[in-house]
K.L.:
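Just dropping this structure here.
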Amino acid sequence: MVISDQSAALNLAGQNSPHVFAGEGVQNGELIQQAGSIIIHSKQLQDDLQELGQKIKHNEDNIKYLKTQKTKLEESILDMTATLEKYHKTSFSATQNQYLDLSRSEEETLGNILKHEKSAAALLCMIKSQPESQASDHTSTKDVLGIVATLGKVEDDNLSRLLSEYLGLGTMLAVVCKTYEGVNALEAYNKEGSINKSLGLHALATSTRRSLDDPFLVICLESLRPYPGEFIADDPQRRLDLLKPRIINGETPPGFLGFAVNMINIDRTHLYYITKSGFGLRETLFYNLLSRLQVYKSREDMLKALPYIPDGAISLDGGMIKSPGVFRLASPREDVKFPVGFERLSLPEKFLEIENQIKETKWKKDRIAEDLLREQSYLDHAKVNYEIKKQEFLKYLAESSMYTAQVAVARPSAAPR
């Protein structure tokens, strides 16, 4: 509220000011003096209100900024803790000699694929595993990157079974090509629209005395819409910096372990520049297959977090939500799975470095929490003062109406005779 002229100011009368309401015998000079005093006091009240309003806005902006910083630090702690647990697991497994041998797990995955004898996946894996077959020029497969099940690894056999069940056998056996031209090279058709078995994979199957009767999926990487966001800083696996679910108190839901797309380990040769646009497998293939699929410790945790699960979830004890409202109740079946293996990490330097980073980040988070409490108390105090000053100003306005009435009566008698 801004009072811009003297006539408007005459409508105000001050609380706690030494003004005496005008009556008979009040002189013009006294009226002018009182009007000037009213203007000054009114301006002071307005300035006080404006200053308190600015202080409230400043406190609210500070609180918003501090909450954002606190959330970022919490996410960083969660990410570093997950990495630290990986170090613990790797170290313990190496010491106790209990971890699965990666090459053996890859052989198991390959063996399970080969059991599907009439599939394109089995045909391609057979060619890859036989040096004499690779010696010939398979032009129809030169753009094939691999089979979905062979392009990623996980660190837990149970998680491997769950992910394979979530994706389904058809997807696990899908052929992955880099370009659309590579997709076209796999299968050709005659004028009648039937498959031309003298070209593509069918011709390759015939040359190896195999039949290719099962329908198969083909995924073209360059045709996929890549993940549009950022990556977790300094992560050698280039994990995606996805926004974690948050419950009302700002924390992640109990039992939330992370996103499935970030639990896939990818060979370094496939992390970068697989497509012409410079994208790797995580942000293309696995992001499109798994999206923001959440992973929880237990089915109970997952069901409690239902309001915060927009794109499906799985739990380590076998629970599965395919999409909102669609639940899988059966136990997972073992068939074609991702190989199980651990990413080798250097110990103990990196281990200690991450531990120190977690301690430092937790310290920063605690300091911000203290700043938030202090800033909230400042805000509450400023709001109380603002309300008091506002009531004082409203009372001032009410008293001014009485003053206006008295001035109107006093003016005739104050005129010179």
Side-chain angles (χ1 to χ4, degrees), residues 68 71-87 145-146 148-156 159-160 162-164 166-167 171-172 174 176 178 219-246 251-253 255-297 302 305 308-316 321-324 338-339 341-343 345 354 357-358 361:
T68 299
T71 297
K72 288 181 178 179
L73 291 175
E74 287 171 346
E75 291 179 352
S76 179
I77 291 171
L78 191 62
D79 290 332
M80 287 189 290
T81 301
T83 302
L84 200 60
E85 288 175 355
K86 184 192 303 180
Y87 277 109
L145 194 63
V148 168
T150 66
L151 294 176
K153 303 174 183 65
V154 296
E155 298 182 1
D156 179 80
L159 179 61
S160 176
L162 288 167
L163 290 179
S164 66
Y166 177 84
L167 293 175
T171 299
M172 293 295 288
V176 179
K178 296 180 183 180
I219 299 174
C220 176
L221 292 183
E222 73 172 7
S223 297
L224 299 178
R225 178 177 294 178
Y227 163 69
E230 301 295 327
F231 297 89
I232 295 176
D234 301 323
D235 189 307
Q237 273 283 316
R238 282 172 57 85
R239 291 177 175 85
L240 312 183
D241 191 10
L242 299 170
L243 185 64
K244 297 176 178 62
R246 297 284 174 181
E251 303 290 336
T252 56
F256 173 76
L257 299 178
F259 293 97
V261 68
N262 284 337
M263 295 181 178
I264 301 286
N265 284 333
I266 301 173
D267 290 340
R268 294 188 183 276
T269 54
H270 294 153
L271 280 174
Y272 301 91
Y273 313 121
I274 297 301
T275 69
K276 293 179 181 178
S277 301
F279 296 109
L281 278 184
R282 191 182 306 280
E283 63 267 33
T284 54
L285 175 66
F286 290 112
Y287 178 70
N288 277 270
L289 293 179
L290 298 171
S291 186
R292 287 171 169 78
L293 179 71
Q294 299 178 20
V295 180
Y296 286 84
K297 192 178 221 179
M302 181 179 71
Y308 312 99
I309 301 176
D311 298 308
I314 58 175
S315 63
L316 296 185
I321 300 174
K322 295 285 288 186
S323 60
F338 291 107
F342 301 103
E343 182 182 3
L345 302 167
I354 293 177
Q357 288 177 353
I358 290 177
T361 306

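Residue numbers count from 1 along this sequence.
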K.L.:
Provide the closest heavy-atom pair for A149 versus P339 in the form atom of the first, atom of the second, distance.
P.N.:
O-CD, 3.2 Å
K.L.:
Distance check, rounded to the nearest 0.5 Å: I321 atom CD1 versus D311 atom CG?
P.N.:
11.5 Å
K.L.:
Do Y227 and V261 have side chains that approach each other closer than 4.5 Å (heavy atoms only, starting at C-beta)?
P.N.:
no
K.L.:
Take R239 and N265 through the test side chain to side chain contact (heavy atoms under 4.5 Å, CB included) and record every step on the way to the result.
P.N.:
CA-CA 9 Å; R239 291 177 175 85; N265 284 333; 3.2 Å; yes
K.L.:
Between I264, L145, T275, I219, which is the residue that forms a side-chain contact (heavy atoms from CB on, under 4.5 Å) with L285?
P.N.:
I219
K.L.:
Who passes side chain to side chain donor-acceptor pair (under 3.5 Å) against D79, sequence neighbours left out?
P.N.:
K244
K.L.:
Counting distance only, does the side-chain N/O of T81 pair as donor-acceptor with the main-chain N or O of I77 below 3.5 Å?
P.N.:
yes
K.L.:
Tell me whether Q294 contacts the main-chain N or O of A305 through its side chain, where contact means a donor paired with an acceptor under 3.5 Å.
P.N.:
no
K.L.:
Checking side-chain contact (heavy atoms from CB on, under 4.5 Å) between M263 and each of L159, D156, L290, which is the one that passes?
P.N.:
L159
K.L.:
What residues, two or more places apart in sequence or in another chain, satisfy ring-ring contact (aromatic ring centres under 6.0 Å, His included) together with F256?
P.N.:
F259, Y296
K.L.:
Looking at Y166, is its backbone amide N or carbonyl O close enough to the side chain of K322 to form a donor-acceptor pair, meaning the two atoms are under 3.5 Å apart?
P.N.:
yes
K.L.:
Tell me whether S160 contacts the main-chain N or O of F338 through its side chain, where contact means a donor paired with an acceptor under 3.5 Å.
P.N.:
yes
K.L.:
What closest approach, in Å, do F286 and V148 show between heavy atoms, and which atom pair accounts for it?
P.N.:
CZ-O, 4.5 Å
K.L.:
Would you compute the distance between atom OG1 of T361 and atom CG of L78 and round it to the nearest 0.5 angstrom?
P.N.:
12.0 Å
K.L.:
Within the structure provided, determine whether I314 and L163 are in side-chain contact (heavy-atom separation under 4.5 Å).
P.N.:
yes
K.L.:
D267: what forms a side chain to side chain donor-acceptor pair (under 3.5 Å) with it, not counting sequence neighbours?
P.N.:
K153
K.L.:
On a heavy-atom basis, which atom in S315 and which in L162 lie closest, and how many Å separate them?
P.N.:
O-CD1, 3.2 Å
K.L.:
Once ring-ring contact (aromatic ring centres under 6.0 Å, His included) is applied, do any residues pair with F279, and if so which ones, sequence neighbours excluded?
P.N.:
none
K.L.:
If every non-hydrogen atom of G280 is compared with every non-hydrogen atom of I274, which pair is closest and at what distance?
P.N.:
CA-CG1, 4.1 Å
K.L.:
Hey, could you give me the CG/CD distance between L242 and E75, rounded to the nearest 0.5 Å?
P.N.:
10.0 Å
K.L.:
Rounded at 0.5 Å granularity, tell me how far CZ in R225 sits from OG1 in T284.
P.N.:
14.0 Å
K.L.:
Give me each pair satisfying salt bridge (charged side-chain N to carboxylate O under 4.0 Å, His left out) with a member in residues 276-290, each pair once, sequence neighbours excluded.
P.N.:
R238-E283
K.L.:
Identify, with sequence neighbours excluded, every residue that meets side chain to side chain donor-acceptor pair (under 3.5 Å) alongside E74.
P.N.:
K70, R246
K.L.:
Please report the closest heavy-atom contact between P228 and Y287, naming both atoms and the distance.
P.N.:
CD-OH, 4.2 Å
